[in-house]
Undergrad: 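Please see the structure below; I have some questions.
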Amino acid sequence: MSDIISTAVTWSRFLKRRLDARPEITAQLYDDAQSPLTPEKILVWLAELGGSLTAFPPPENSVCRTQLRQLRMRILQTLIVRDINQLASLEEVVSCMSFLADLSVQMAYRTVMHDLVAQFGRPIDPTTGLPMEMIILGMGKLGGQELNVSSDIDLIMLYGDEGDTVGGRRSLSHHEFYGRLTQRMMPIISEPDADGFVFRTDLRLRPDGDGSPLAWSLDALENYLITQGREWERYAWLKARVIPVKYFEESQPDKDIHILESLRKPFVYRKYFDFDALASLRKLREQIRQEWVRKVNSREGLASDQNVKLGEGGIREIEFIVQLIQLIRGGRMPSLQQRHLLTALHAEQEAALLNKDIADKLEQAYRFLRRLEHIIQYQDDAQTHLLPNDNEGLNSIAAAMGLSRSEFDAVLANHRTFVAETFRNVFRLLGMQEDEHDSQEDDNTSRLEDLTLSLINEEETRVQIHHRIELMMSNHRIQQLTSSSRKRLESLIPVMIEAASKTKNPLAACHHLADLMETIAQRSSYLALLIEYPEIVQRVARIMTASPFAAQLLVKNPILLDSLIDWRSLLLPIDLKAIAEQLHKDLSACLIHEGAVDIERQMNLMRDTQKIVEFQLLAQDLENQLSVEHLADYLSALADMLLEESLFRTWSQLRENSKYDLPEAPHFAIIAYGKLGGKELGYSSDLDLVLIFDDEHDYAAETYIKLGRRLSTWLSTMTSSGRMYEIDLRLRPDGDAGLLAVSIDGFRKYQQEMAWVWEHQALTRGRFCAGDARVGEKFEQIRREILLKERDLTQLRKDIVDMRIKMCDGHPNPTDLFDLKHSVGGMVDIEFITQYLVLAHSKDHPKLLENLGNIALLQIAAQAQLIPEKLAVQVADAYRVYRKTQHEIRLQGQEKARVPVETVAQESEVVRALWLYVFPDSEY
């Protein structure tokens, strides 16, 4: 007997009995164990037994049973030899067992379906008239394709729609037909006979468990998940995977599978940060803790550390840690929606939800414990997770693991200690409190009066706060709440008042908080979040009072409340590169079924990401951590990133559905003008864009115009998460009458021969911001050519002054206030001055060509002695004052940035002085 066989037999009594009974298979086993076991090899072995997944008619019941049992025996004995000799990876073991389970279900299904169709006819989909396959879900480790070697398989049996079979000797309802199909399939897989069994099967995870029908229609499942689905079922359905079964050649099961996924994903993964589920998940964790304790107490002499799956620091605790993060965060981060545990763990680490050290240690523990679980089960082919309770047994299992006894004890203890500690602290690890706050029922009215009396000094303010709270509680949305949600809201009222009392304007803060509560009241998860973290209410009150703009942003986008959990991280510098990488992964994971892209979800995710980053910037802005210039840089970089990702997504859609063979990346550039072009973007700014392509193919114009249309729709469409950006494409050649996307040659010709002076003014702030960098370089060459043109300076000054007069006439100011942007001596004057300097003098002073912003351009012009240096410094300072003041006014929620004339008299005077220096003959 070879060394690898001897080593395996030393540990595995099952394998020894097998080879003692059939010594002639030893040589075959040795050959089988020489190379990795793969699904392809398993199919070859099945063919050697006379089996096939495509044979028609499928094998009879008894033949199918024998083929599967003999196949399972060959697979198991091969894995025993390879694994004990450390030739097989964990992935090889679990993937082959999972493949065998899928194969067994598929073969049993075809065999039983053939018999039932002959007797009762075909089940027909009433919407298509085609034969209707069953939908079989693998749950748990089968769903994750990570079965152990002696595992049960958990199945849920579904079918598309109700109806009756047709074409048989007698008809059955679909309900009865699929129930019989399920009932007859199970013995083929699980019933022991002379050849053993394949897998024990468990159907108890179906809705309502043992007392319910064996097979459920999709309508019945939907009703159950909506009305009765519980938190532990979300945990169970997280791994649910369709096992592909097919008997009827012409059937089209994809429609039903798509419907199923549209039910499963929203049930498992909630869009909003799911604090409403925390209490149930905490209870589930306690059940995991207590389950083994009960078993220990019921069996004398059984130690809690003997079970590597259910005991402290065992496999179940690792699964809970990973899946808890998926349940809480997966709705907002689709990249976490993974069925396979290690894949999910890697995604959580990449998303910075677990630090690398913790993730690595969890993975190492999981791999060690899963291999140990398999070694235990190899001994007698038994479904057990128990370590031996004697020294001799532990010495043997250590040897089977390839370790000395002392090494084995140390490694096992280290892994289990780390897992147990992480499991105990998992909520704290995720930044959550360990215990949910209990709300006490009180006389809310008297509590409210006592609280306001102690916190609010002015009686009139107290009266108005009471009135606003009464209005909130009488709001129709509040009146429609369930009693539990209403109690939650009532328990938050004292928190609201206390938070408002700590602001500079308690009444305004109370109004803002009440507006927010009315908005979120019917989303119980948000109420649960605020109860879980009452300090968030204080932060909300402070931000809303400081900025009505921020107040409106929060009311319209309560998803931003999640950002306030960890105030310190909210104020950390923003890593846009990391955000872009995570967003790209999450968008790529937004799939419905079989790779079909969930476009609506992608659009919402991008809008949510934009608002979350903008809100983080707003929080830092209100804490005076960002200058106006730095804020504009961040907002402009965010827009660039979102434009790049939007272009990638819209091109991918277009390419997939195009009749042309389109390149992987478009020869297409997005050019930013205006505020984005000058990197001076503010909150809620529009984007001025021009779209250019450089492609000689016949399909180019048609394709890129379509791309421009899709890109505009992607960015500006209002979805349930709002709008990303308002897009203005009127600066393209020929404006509204022009093509949505223009060729690079067409753009050059237009700029050289037809563009107005004001279009060349706009070009001074033009900048490539997303797309094909080579097209961007060509744009920049054209931009430089145009800006370097020889010009008649007298005519140029006249044209610019005429345009300034038109702009002034187009923005009348009926008030006595100074409009920071449009009044004489305001921001537009400064912008027109710098645009003139660029157009008039770039030929002699090429540094003016750089798109550096108005302040830097004024400095360059002064150094070139084009304008007085003192005046340049004063106007630059005025521009800073204007931008800062405009920004502060916007934060107060005002649409027009207008101030009393005397507050900016000095600034407007120096701007007018520079205007007259540059345009000496102009008054307007």
Side-chain angles (χ1 to χ4, degrees), residues 333-335 337-338 343 346-347 350 576-607 609-610 637-672 687 689-717 724-725 727 729 732 739-748 767-782:
M333 303 177 80
S335 61
Q337 295 178 12
Q338 308 289 341
T343 306
H346 296 160
E350 289 169 7
L576 273 179
K577 182 181 178 184
I579 291 169
E581 290 173 356
Q582 185 60 44
L583 176 63
H584 187 80
K585 290 177 189 173
D586 287 335
L587 291 169
S588 297
C590 287
L591 305 176
I592 302 172
H593 168 62
E594 294 295 321
V597 176
D598 190 339
I599 294 174
E600 181 182 0
R601 196 164 179 212
Q602 287 183 330
M603 293 174 76
N604 281 332
L605 183 58
M606 289 196 72
R607 283 152 176 76
T609 300
Q610 177 209 26
L638 173 63
D640 287 358
M641 181 266 281
L642 292 172
L643 285 169
E644 189 73 61
E645 189 62 46
S646 297
L647 180 57
F648 175 84
R649 297 297 160 185
T650 48
W651 179 252
S652 297
Q653 294 170 24
L654 186 62
R655 188 165 173 255
E656 185 177 340
N657 300 314
S658 177
K659 60 187 176 182
Y660 304 113
D661 182 19
L662 300 179
E664 188 170 336
H667 305 304
F668 181 92
I670 301 175
I671 308 301
L687 303 186
L689 304 177
V690 171
L691 309 177
I692 298 174
F693 64 89
D694 182 23
D695 194 326
E696 298 298 325
H697 288 93
D698 292 340
Y699 59 67
E702 174 194 345
T703 298
Y704 291 115
I705 288 170
K706 187 180 290 185
L707 175 60
R709 192 178 304 118
R710 289 197 178 188
L711 181 65
S712 177
T713 300
W714 182 276
L715 293 164
S716 60
T717 295
M724 200 170 351
Y725 292 106
I727 304 300
L729 298 169
R732 67 187 186 270
L739 298 174
L740 208 58
V742 62
S743 71
I744 193 78
D745 291 335
F747 181 78
R748 176 184 284 109
R767 172 178 70 84
F768 165 74
C769 70
D772 187 336
R774 290 169 298 181
V775 183
E777 288 170 5
K778 291 186 176 182
F779 161 78
E780 182 58 28
Q781 289 172 2
I782 295 169

Undergrad: Give, for atom CD1 of Ile579 and atom CG of Leu638, the distance between the pair rounded to the nearest 0.5 Å.
TA: 8.0 Å
Undergrad: State whether a side-chain donor-acceptor pair under 3.5 Å links Asp598 with Gln602.
TA: no
Undergrad: Looking only at heavy atoms, which two atoms of Gly708 and Leu691 are closest? And how far apart?
TA: CA-CD1, 3.6 Å
Undergrad: Would you say the ring centroid of Phe779 lies under 6.0 angstrom from that of Phe768?
TA: no
Undergrad: Just so I know, are the side chains of Leu587 and Leu605 near enough to count as touching, which here means a heavy-atom distance under 4.5 Å?
TA: yes
Undergrad: Report, as yes or no, whether the 6.0 Å neighbourhood of atom CG on Asp698 holds more than 12 heavy atoms from other residues, nucleotides or ligands.
TA: no
Undergrad: Look up atom CG in Leu583 and atom CD in Gln610, then write down how far apart they are to the nearest 0.5 Å.
TA: 11.0 Å
Undergrad: If you count the non-hydrogen atoms of other residues, nucleotides and ligands that lie under 6.0 Å from CD in Glu702, is the total more than 12?
TA: yes
Undergrad: Answer whether the closest heavy-atom distance between the side chains of Arg655 and Ser652 falls below 4.5 Å.
TA: no
Undergrad: Taking side chain to side chain donor-acceptor pair (under 3.5 Å) as the test, write out the residues that go with Lys585, two or more places apart.
TA: Glu350
Undergrad: Assess the residue pair Tyr660 and Thr703 against the criterion (side-chain contact (heavy atoms from CB on, under 4.5 Å)); give the C-alpha distance rounded to whole Å, side-chain angles, the decisive distance to 0.1 Å, and a yes or no.
TA: CA-CA 9 Å; Tyr660 304 113; Thr703 298; 3.9 Å; yes
Undergrad: Given the rule in the side-chain contact (heavy atoms from CB on, under 4.5 Å) test, do Val597 and Gln653 qualify, once you have shown the distances and angles that lead to the verdict?
TA: CA-CA 9 Å; Val597 176; Gln653 294 170 24; 5.7 Å; no
Undergrad: Counting N and O atoms only, with roles assigned by atom type, does the side chain of Asp586 sit under 3.5 Å from a partner on the main chain of Ser335, one being a donor and the other an acceptor?
TA: yes
Undergrad: Using the rule given for side-chain contact (heavy atoms from CB on, under 4.5 Å), can you reason through Ile782 versus Ile744, listing the C-alpha separation, both sets of side-chain angles and the distance that settles it, and then say yes or no?
TA: CA-CA 9 Å; Ile782 295 169; Ile744 193 78; 3.8 Å; yes
Undergrad: Hey, what's the ring geometry for Phe693 with Tyr704, parallel, tilted or perpendicular (30° and 60° as the breaks)?
TA: parallel
Undergrad: How many angstroms lie between atom CG of Leu711 and atom OG1 of Thr650, to the nearest 0.5 angstrom?
TA: 5.0 Å
Undergrad: Carefully, step by step, assess Lys778 and Asp694 under the rule salt bridge (Lys or Arg N to Asp or Glu O under 4.0 Å).
TA: CA-CA 9 Å; Lys778 291 186 176 182; Asp694 182 23; 2.5 Å; yes
Undergrad: If you take all heavy atoms of Phe747 and Val742, which pair is closest and at what distance?
TA: N-CG2, 3.8 Å
Undergrad: Please tabulate, for the side chains in residues 640-649, all donor-acceptor contacts under 3.5 angstrom to protein atoms that are two or more places apart in sequence or on a different chain.
TA:
unit_1 : atom_1 : unit_2 : atom_2 : d
Asp640 : OD1    : Arg767 : NH2    : 3.2
Asp640 : OD2    : Arg767 : NH1    : 2.9
Glu644 : OE1    : Gly771 : N      : 3.2
Glu644 : OE2    : Gly771 : N      : 3.4
Glu645 : OE1    : His584 : ND1    : 3.0
Glu645 : OE2    : His584 : ND1    : 3.1
Glu645 : OE2    : Arg649 : NE     : 2.7
Glu645 : OE2    : Arg649 : NH2    : 2.9
Ser646 : OG     : Leu642 : O      : 2.7
Ser646 : OG     : Trp714 : NE1    : 3.3
Arg649 : NH1    : Ser588 : OG     : 3.4
Arg649 : NH2    : His584 : O      : 3.0
Arg649 : NH2    : His584 : ND1    : 3.3
Arg649 : NH2    : Ser588 : OG     : 3.1

Undergrad: Using side-chain heavy atoms (C-beta onward) and a distance below 4.5 Å, is Met724 in contact with Ser716?
TA: no
Undergrad: Within this structure, what is the CD1-CD1 distance for the pair Ile692 and Ile671, rounded to the nearest 0.5 Å?
TA: 4.5 Å
Undergrad: Return the CG to CD1 distance between Asp772 and Ile670, rounded to the nearest 0.5 Å.
TA: 11.5 Å
Undergrad: Taking the side chain as every heavy atom from C-beta outward, state whether Thr717 and Arg607 have any atom pair closer than 4.5 Å.
TA: yes
Undergrad: Would you compute the distance between atom CE of Met333 and atom SG of Cys590 and round it to the nearest 0.5 angstrom?
TA: 11.5 Å
Undergrad: May I ask you to decide if Trp651's main-chain N or O and Arg710's side chain share a donor-acceptor pair within less than 3.5 Å?
TA: no
